[in-house]
2 protein chains.
Amino acid sequence: MANYKLAAMLQVKDIPNAEVMQKFADRYPQTDVKNVMTFLNLLRVGTDLSNALNGYLAEYDLLQGRWWVLLLLMREDNLSSTPSALAEKAGVSRATMTGLLDGLLRDKLISRIHAKQDRRQIEIRLTKQGQAKLDDVMPGYYQRVNQLMQSLNESETMNLMSLLQRIYQQRHVFENQTVEMQNQPRS
Amino acid sequence: MANYKLAAMLQVKDIPNAEVMQKFADRYPQTDVKNVMTFLNLLRVGTDLSNALNGYLAEYDLLQGRWWVLLLLMREDNLSSTPSALAEKAGVSRATMTGLLDGLLRDKLISRIHAKQDRRQIEIRLTKQGQAKLDDVMPGYYQRVNQLMQSLNESETMNLMSLLQRIYQQRHVFENQTVEMQNQPRS
DNA sequence: AGCTTATAGTTAGCCACCTAACTATGTCAA
DNA sequence: TTGACATAGTTAGGTGGCTAACTATAAGCT
């Protein structure tokens with residue numbers, strides 16, 4: 001089995017206990033213990049599930065990035081697309097996509113063909129082996145997702161989605177806010 | 001401002017729509033559209049929040065790994081620990097911790113001192129500059145976490161935690177299950 | 001036609017993660 | 001006491017992210 005890389009996202013193995021949180025709250029009065037714990041737990045669940053998925057994919061010599069590229073290709077009617085379009089849809093840079101495609105080509109899961117009309121473009125196509133790889137991986141993937149989610153009934157699932165969505169919509173709070181600040185009158 | 005690395009976790013920018021999901025469901029009958037969508041959304045929220053946090057930390061020349069090490073040190077009564085203990089608590093390999101500490105040492109946010117009794121060990125201590133860096137970063141961090149979470153009231157937050165927990169407890173489903181399978185009778 | 005600008009893809013160099021293998025030191029039991 | 005095993009830390013080599021800079025091609029003005 002191939003090595004696989006764990007996600008780079010913080011692995012919050014050691015979310016602080018109440019005592020430690022109090023020490024921080026004393027120094028930083030803005031601290032809201034409940035909010036911080038919830039935020040850290042959300043990050044942890046995301047990371048650990050991502051790592052677990054990677055572990056499953058690694059049994060098939062795939063990782064999330066390469067696997068997702070294959071899925072994007074399978075979605076297309078002619079099983080093909082371009083590096084730029086794939087980078088955009090996968091949410092990675094074009095440079096990263098070049099690397100992912102290099103690996104997939106090495107394993108013969110995709111083919112690269114120079115496009116006819118626009119000679120800057122390259123057509124990436126899912127090969128038979130690529131489709132076969134997905135046919136290997138996907139049934140177990142869907143089965144595991146079902147097992148994972150079976151502890152929630154339908155209304156609980158909807159509820160979870162809605163709660164996540166409301167937090168997600170606030171994610172811009174981490175962005176730089178100095179521009180607006182500068183326009184405010186000084187004392 | 002420093003470059004900062006986005007999390008390696010899949011950025012599911014392009015979660016499939018119902019039509020595409022149907023195409024997959026035709027080929028892979030195990031597919032449960034609602035479950036897959038929920039799972040992918042959970043991964044996406046985790047990744048994007050992680051990236052947003054990294055963006056904030058990058059304004060202070062930190063990233064999650066280095067920042068978390070500083071926090072772990074600040075928790076300690078004597079502001080010091082060892083590379084092994086830090087690796088364990090941060091959930092990264094000892095090799096990765098060596099690299100993180102190299103960077104923190106370069107920025108003089110920690111100091112390395114050879115331990116007296118066990119000469120294999122090295123004592124890592126948070127420096128004055130390290131503490132000052134945290135004092136810079138943390139108020140804004142806590143403020144942003146509060147803003148992020150303010151869209152949920154207390155009972156909704158508790159509810160979210162409990163739903164996440166129930167999914168999280170099933171994460172072992174992604175682990176290799178062939179050992180048990182092999183012991184089953186064949187047809 | 002010829003400039004300028006935009007787009008497609010790659011390359012180079014950095015970071016943070018991993019495993020495996022290595023060195024040095026400590027521990028423990030025959 | 002010495003040989004086997006365990007532990008602390010580093011190094012080497014691989015992966016997959018990033019930005020910036022580069023080449024080649026296309027498109028659009030004037």
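- For the pair B:Arg94 CZ and D:dA6 C1', the interatomic distance rounds to 11 Å; values are reported in whole Å.
- Ring geometry for B:Trp67 against B:Tyr141 counts as perpendicular: the plane angle is over 60°, on a 0 to 90° scale with 30° as the lower cut.
- One interatomic measurement links the two molecules: CG of A:Asn54 to C1' of D:dG14, which rounds to 15 Å at whole-angstrom precision.
- Atom pair A:Ile122:CD1 and D:dT25:C1' shows a separation of 12 Å (rounding to whole Å applied).
- Here A:Thr96 does not reach the OP1 or OP2 of D:dG16: none of its side-chain N or O atoms lies under 4.0 Å away.
- Using modelled atom types, one finds a donor on one side chain and an acceptor on the other under 3.5 Å when comparing B:Gln131 with B:Asp135.
- When heavy atoms are screened at a 4.0 angstrom cut-off, B:Ser84 is found touching the sugar-phosphate backbone but no base atom.
- By the 4.5 Å heavy-atom criterion applied to side chains, B:Leu70 and B:Ile110 are counted as neighbours.
- Between A:Arg166 and B:Glu156, the closest side-chain pair of non-hydrogen atoms falls below 4.5 Å.
- When distances run from any side-chain atom of A:Arg120 to the nucleotides C:dT7, D:dT7, D:dT19, the shortest one goes to C:dT7.
- Atom pair B:Asn51:CG and D:dT19:P shows a separation of 11 Å (rounding to whole Å applied).
- Distance, B:Glu88 CD to C:dC17 C1': 17 Å, rounded to whole Å.
- Rounded to a whole Å, the CG atom of B:Leu62 is 14 Å from the P atom of C:dC15.
- Not one side-chain nitrogen or oxygen of A:Arg119 sits closer than 4.0 Å to the OP1 or OP2 atom of D:dT23.
- Remark: A:Arg112 is in phosphate contact with C:dT10, judged by side-chain N or O atoms under 4.0 Å from OP1 or OP2.
- Contact of the B:Pro83 side chain with the B:Thr98 side chain is not registered, since no non-hydrogen atoms from C-beta on lie closer than 4.5 Å.
- Counting any heavy atom pair closer than 4.0 Å across all strands shown, A:Gln117 reaches sugar-phosphate atoms only and no base atom.
- Comparing C:dA16, D:dT10, D:dG16 against the side chain of A:Leu63 picks out D:dG16 as the nearest.
- The CG atom of B:Leu104 sits 12 Å away from the C1' atom of C:dA16 (whole-angstrom rounding).
- DNA chain C is contacted by both A:Asp118 and B:Asp118; A:Asp118 maps to the nucleotide lying nearer its 5′ end (nearest heavy atom per residue).
- Proximity note for B:Ala95 (side chain, C-beta onward) versus C:dC17, D:dA12, D:dG17: the nearest is D:dA12.
- Atom CG in A:Leu57 sits roughly 18 Å away from atom P in C:dC18 (whole-Å rounding).
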